[in-house]
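Predicted, not measured: the structure shown is a model, and the values here were computed from it. Scope of the values below: all heavy atoms of this structure, side chains included, with no hydrogens, waters or symmetry mates. Numbers restart at 1 for each chain; the letters A, B, ... are given by sequence-line order, proteins then strands.
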Amino acid sequence: EEQVLVIREKLAELYESEREWSKAAQMLSGIDLDSGIRMLDDTYKLSKCVQIARLYLEDDDAASAEAFINKASFLVSNSQHEVLNLQYKVCYARILDLKRKFLEAALRYYDISQIEKRQYGDEEIDEEALEQALTAAVTCTILAAAGPQRSRVLATLYKDERCSKLKIYPILQKVYLERILRKPEIDAFAEELKPHQKALLPDNFTVLGRAMIEHNLLSASKLYTNISFEELGTLLGIPPQKAEKIASRMIYEDRMRGSIDQVEAVIHFEDDTEELQQWDQQIFGLCQALNDILDCMSCKGI
Amino acid sequence: MDIEQKQAELIDHFVKKARNLDGAAGAPFLAALVTEATSHPSLFAFSEILSVPSLAELERTSYSSSLEVLRLFAYGTWSEYKSNAGRLPILVPAQVLKLKQLSVLTLAETNKILPYDQLMRELDVSNVRELEDFLINECMYAGIVRGKLDQLRRCFEVQFAAGRDLKHEQLDNMIKTMSNWLSTSDSLLNSIQDKIKWADMMSEEHKKHRKDIEEKVDEMKKSL
Amino acid sequence: DNSLLRQVSSLMRRLPAIESEKFQDDFL
């Protein structure tokens with residue numbers, strides 16, 4: 001087994017040097033890590049699992065990578081090896097990203113972007129890598145399903161000073177402020193995306209397209225008390241029936257509050273707060289504005 | 001307050017610039033300043049600039065129309081411009097946009113519910129999509145107005161609108177409104193005070209009544 | 001002070017706070 005292991009590792013190295021990532025991964029996955037004959041330490045097992053996952057990820061094979069990351073997850077909690085732990089985190093985030101679990105991926109990327117330590121053994125983490133992780137976090141959040149959970153993550157990212165220096169900041173700002181995104185902005189954002197983030201879905205929308213439609217629908221719900229299917233379709237750039245379908249799914253999934261009147265062909269949007277509470281909030285806003293004026297007056301000695 | 005904070009620096013900048021341009025030689029530059037100020041995307045107030053003495057001197061020059069334009073942007077609307085277009089210079093697109101934004105603020109001064117028909121007339125817009133895009137992109141996202149669009153009722157319900165420059169004659173109305181607020185608040189507070197007193201009184205009576213009954217019960221028990 | 005006057009003018013437009021039918025029903 002020892003000799004087979006050495007041969008497999010050497011062959012994997014050769015495949016890697018020829019950029020045959022999946023073949024290298026397959027070669028390494030043939031190593032019996034649970035052999036009863038030889039005792040392999042957990043760090044070695046973890047390093048092999050992570051290495052195999054990383055190789056599969058080079059070919060965007062999330063399913064195969066996930067199998068090995070899942071194995072690694074049993075070993076990582078007891079691991080003191082900082083480099084491996086970090087590599088595991090990055091792999092996990094990328095797998096979630098590839099599987100389009102964007103919100104979870106965003107949280108993991110964000111976690112990685114916040115590491116304080118820069119030196120891990122011989123490896124140095126540069127600022128650019130952290131910036132890439134932060135950008136990935138923002139991208140995944142924007143692509144995630146619009147709703148309250150995404151809003152919370154958006155708030156965290158928007159309030160993080162580091163995000164204001166990213167190229168992607170303008171679109172983050174618009175998404176956080178729940179503003180409607182127009183085609184030029186969406187096209188500019190699309191240029192920075194990876195292929196799986198622009199892939200076609202069974203309903204004939206792309207991943208990006210659906211995310212943008214849902215975001216714009218939610219933005220419209222903040223601007224309108226009600227809107228006809230037709231106008232909504234025009235606003236979103238899709239046929240009215242599709243607009244209705246997406247709206248109904250979002251309402252059903254509790255990601256947007258409202259009701260649909262199919263007879264009048266109108267969507268009624270509801271606020272999260274009741275009318276009387278909104279009234280209360282308006283009065284509160286008025287009192288705050290009044291206080292601001294009084295403060296302004298006293299500053300000016302009036 | 002946000003709008004005022006954002007434009008305070010701009011107002012200062014233009015006022016300082018205007019103060020340094022006086023006399024006949026300064027007139028063309030003042031006219032250019034007026035165009036720049038009335039085209040600026042973040043400036044919605046012009047009375048400070050208007051009150052700079054050098055601007056008033058434009059009246060007696062061939063650039064008096066610039067002063068008219070500044071007054072229009074301070075107090076007027078797009079409809080007023082159209083009625084006087086013959087006497088006024090042609091506005092650049094940025095100025096047209098600004099004047100239409102200011103017209104929305106003027107409409108919001110008198111009504112909270114703005115019908116689409118009225119808005120389309122005032123803003124020279126031919127369809128609902130164009131109107132809503134204008135209200136969303138140029139008014140709500142610009143932060144000068146907050147509200148909700150109602151397609152069923154074809155109206156825009158205003159929740160907040162930034163204040164425009166005020167003419168002297170508008171002050172009386174403002175004072176009257178605030179006096180009404182004061183007197184309504186006073187009577188409401190008095191009313192609440194009375195209700196509190198009444199509630200306390202009823203509570204005392206209730207306690208006394210309860211005590212009386214308990215005493216009678218005890219007496220009855222003793223006599224039995 | 002023009003800035004203050006503008007703020008006061010904006011403040012005054014804030015009432016009535018809401019005028020929708022639904023609010024009137026709830027308020028009643």
Side-chain angles (χ1 to χ4, degrees), chain B residues 1-12 15 44-51 74-75 102 105-114 143-148 150 152-153 155-168 170-171 173-181 184-185, chain C:
Chain B
M1 179 69 170
D2 279 344
I3 293 288
E4 288 299 326
Q5 276 174 341
K6 279 181 198 164
Q7 63 185 5
E9 262 188 50
L10 280 168
I11 292 172
D12 271 343
V15 162
F44 297 92
F46 305 95
S47 49
E48 286 92 340
I49 305 171
L50 204 49
S51 58
Y75 311 117
L102 292 167
L105 294 183
T106 296
L107 289 171
E109 277 176 9
T110 39
N111 288 305
K112 266 195 109 67
I113 310 279
L114 302 176
I144 58 171
V145 130
R146 269 200 309 273
K148 284 282 178 108
D150 189 329
L152 265 183
R153 289 163 63 208
C155 64
F156 176 45
E157 186 178 343
V158 180
Q159 292 162 350
F160 158 82
R164 282 196 73 176
D165 293 307
L166 288 160
K167 288 186 195 167
H168 221 267
Q170 288 174 287
L171 292 176
N173 208 24
M174 269 175 67
I175 293 169
K176 193 173 159 211
T177 304
M178 284 194 286
S179 303
N180 286 342
W181 278 19
T184 308
S185 306
Chain C
D1 187 297
N2 291 304
S3 169
L4 275 173
L5 279 178
R6 286 190 295 265
Q7 285 177 65
V8 173
S9 168
S10 168
L11 181 79
M12 279 170 33
R13 315 299 164 208
R14 287 195 180 215
L15 289 184
I18 302 183
E19 280 197 347
S20 68
E21 245 180 69
K22 182 150 191 334
F23 169 71
Q24 298 297 345
D25 291 343
D26 289 357
F27 188 64
L28 194 64

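- Interatomic distance, CG of B:Leu166 versus CG of C:Leu4, reported as 11.5 Å (0.5 Å rounding).
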List the steps, then state whether side-chain contact (heavy atoms from CB on, under 4.5 Å) holds for B:Lys112 with C:Ile18.
CA-CA 9 Å; B:Lys112 266 195 109 67; C:Ile18 302 183; over 6 Å; no

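- Minimum interatomic distance between B:Gly163 and C:Ser10 (heavy atoms only, all atoms of both residues): N-CB, 3.5 Å.
- For the atom pair B:Met174 CE and C:Ser9 OG, the distance stands at 6.0 Å (nearest 0.5 Å).
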Item checked: Test side-chain contact (heavy atoms from CB on, under 4.5 Å) applied to B:Ile3 and C:Arg6, step by step -> CA-CA 10 Å; B:Ile3 293 288; C:Arg6 286 190 295 265; over 6 Å; no

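- Separation of atoms CG (C:Leu15) and CG (B:Asn180) is listed at 11.5 Å; rounding is to 0.5 Å.
- Contacts of B:Glu48 with chain C are made by both backbone and side-chain atoms, with heavy-atom separations under 4.5 Å.
- With contacts defined as side-chain heavy-atom distances shorter than 4.5 Å, the pair C:Met12/B:Asn173 does not qualify.
- Nearest heavy atom pair, residue B:Leu171 against residue C:Leu5, reads CD2-CD2, 3.7 Å.
- Applying the ring-ring contact (aromatic ring centres under 6.0 Å, His included) test to residues at least two apart or on different chains, the pairs with a partner in residues 8-28 of chain C are A:Trp279-C:Phe23, A:Trp279-C:Phe27, C:Phe23-C:Phe27.
- With a threshold of 4.5 angstrom between heavy atoms, B:Ser47 approaches chain C through its backbone and through its side chain.
- Between C:Arg14 and B:Phe160, the shortest heavy-atom distance links the atoms NH2-CD1, 3.4 Å.
- Only the side chain of B:Gln7 has a heavy atom closer than 4.5 Å to any heavy atom of chain C.
- Here the closest heavy-atom approach between residue C:Arg13 and residue B:Ala108 is recorded as CD-O, 4.2 Å.
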